[in-house]
> 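One structure, pasted below without further comment.
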Amino acid sequence: MATCSLLVRNATVVTMDPERRVIDPGYVAIDGDRIVGVGLDDWCPYDEADIVIDGTGKAVLPGFVNAHTHSTDLLLRGGLCDDRALYDWLTNVVDPGCRAYRPEDVRTAVELYALEALRSGITTVVDSVEAPLDDWDETAETVIGVYTRAGLRTVYAVMFYDAIAPEHLAQVAACDQRPPADRTDFGALMDLDRALAGIERIMDRHHGSADGRISVWPSPGVAIFCSDAAFAGAQALARRRGVMTTVHVCESPVDAHQGGRTGVGHLAAIGYLAPDVLAGHCVQISMDDVAILARTGTRVATNPVSNMFLGNGIAPVSDMLAAGISVGIGTDDANCNGTVNLLADLKLAALAQKARTKDAGAITAEEVLELATIGGAEAIGMAHEIGSLEPGKKADLAVLDLTASHLFPRHSVASVLVYQALGTEVETVVIDGRVVLRDRQVPWLDRDAERALAARAQEASVRAAALGRLPPRTDDLWRSRTVRPVRPSPHPTPPP
Ligand code: FE
C-alpha cells in the first residue's frame, strides 16, 4: 500500500479523460501538485494520505476553466448595468464606473470575484484586465496578488487599444445617446510601443509566478479598437514568450464588420488568426467565418449569458464544435452576467444552442460540460496540464455535494450537473494539490471578514456610481421605469 498527500475516496469521479470515464465509486489520489492515481475505489492502492476527503454522495470533477472574464468590473453589478446594449453599457457604465474606482477598489472587486469563482468550482481564469496605462503595474500587482493568495490558476491578459476606425467611432458615438450622453471619448487609446513595453514588463515580473500558476498574455482588447500593427506586435511578443493572445471579436452587430470584411475575415486577412489566438465571443459570425476559424485553428471562448444579457445574440457554438473548433466557455463581466458562476451558466449555454437552432439535439449535456473542463483547457492551450482527472496532470479539481433533493432522480451525472444543479453544490476545491475551498469557505476570509468585504464592495460601488455619474437605478425608480398600465382581464374572475 502507498501514501499520498490528498485522497478523495468513494466518489462519482467524472474524469473528462479521452474515454470520458465516469468511475463510481472511484478515487482520486494526489501527491504534491499532481494527480497520481484515478480509478475504482475497490482497487485504490492508497491507504494513507495527509488529507482524506470522503466522497460519499459527491462528484469529483476537473476544476472549471473560466475562459473569458473580467474580474475588476465586478463592483458595477447589482442593477447599474441592466438593459443596455454592449457599447452603451461599455461607454456609459463600465468605462466611467471603472475610472471612478480608487486603487483599493480593485482589490475589493477581485477578492469578491475570487471567492465567488472558487465557490462555483472554477480553478482557472482567463482574466482580461483593463486599466489606464499609467496604472498597469499597480493593477497587475493588486490583481495577481489576490489570485496568488486565493490559489487560482490565472491567465492575466493585459488589454490595450491603439486605434479606432472612423466608421466605428461614429457607431460607438451613437451608443452615447442614452444618458448621461456626454461621453464620446471612448477608447483610452494608447501608444502601441508603450503598451507592448508595459505588457512585457508585467510578463517579466509575474509570468510563471506562484509556482507557475500565473501566466501573462497580451490582449489587443477589442478588434475594432486595434490597428493591424497592434495585432502583429502583440502576437510577436506572445510568440517570443511562448504564450497566446486573446481578443474580443464579433461580439455584437456593431463590431461584426471591420475593414470592409467580416470581423473574422479581417483578422484572417491580416494574418492574425492562428492556433495561438483565443477569440472571445464570435457571436455575429457566418458559417464562412466558422470555416475560417476552423481552417486557421483559432480557439474560441464563448460567453452565452453575457451575450444574451447585452442582447448581442447567440454564438453558433454547436456549428463551431461540428467544425472541429476548440471552444471554451466564460462568464465574461459579472456586471453583464450577474454572477461568476460557470456551473450555473451551463444550463443557459445548452438551452441557447437548442433555441438558436430550433433543434433540441443541437448540443448535449456532455458537450456543455466539456466546454467548462477539457474544452476550456484546450481552448487556452493548457490541456496537457489541466481539464481532466488523469495521472500526471495538475491536481485541480472540484468536489460537488450531490445529496440535495433537487439532484434526484439521477441517471446521467452530466445531465444532472448541467440541467439540475443550481451552481451552489461545490463544497471543496483543490488547485495544484492545495485545498483552496473547504466547506465553501476559503482560508483567507472568515465569515466576519466576508461580511466586511461585501460591505466594502457596496460602499465602493455606490461611490463609483456617483463619481462616474452612472445613470441612477434604484428601487425608488421602479414605478416610473417598468410598471405598465393594468388592463382588465378578458376572463371574468370566478365568484368565490
Ligand atoms: Fe469580455
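Both ligands and their constituent atoms are indexed starting at 1 by order of listing.
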> Report the name of the N/O/S atom of H70 located nearest to the Fe ion (ligand 1).
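The Fe ion (ligand 1) is closest to the H70 atom NE2, counting only N, O or S.
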
> Rounded to 10°, how many degrees is the angle NE2/H248-the Fe ion (ligand 1)-OD1/D332?
180°

> Taking everything shown except R107 itself, do over 12 heavy atoms lie less than 6.0 Å from its CZ?
no

> If you define the side chain from C-beta out and look only at heavy atoms, does anything of T331 sit under 4.5 Å from V305?
no

> Give a yes or no on whether H281 keeps an N, O or S atom under 2.8 Å from the Fe ion (ligand 1).
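No, H281 does not qualify, because none of its backbone or side-chain N, O or S atoms lies under 2.8 Å.
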
> Counting only heavy atoms not in R102, do more than 12 sit closer than 6.0 Å to its CZ atom?
yes

> Surrounding CD of Q441 (heavy atoms of other residues, nucleotides or ligands, distance under 6.0 Å), is the total greater than 12?
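More than 12 within 6.0 Å, yes.
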
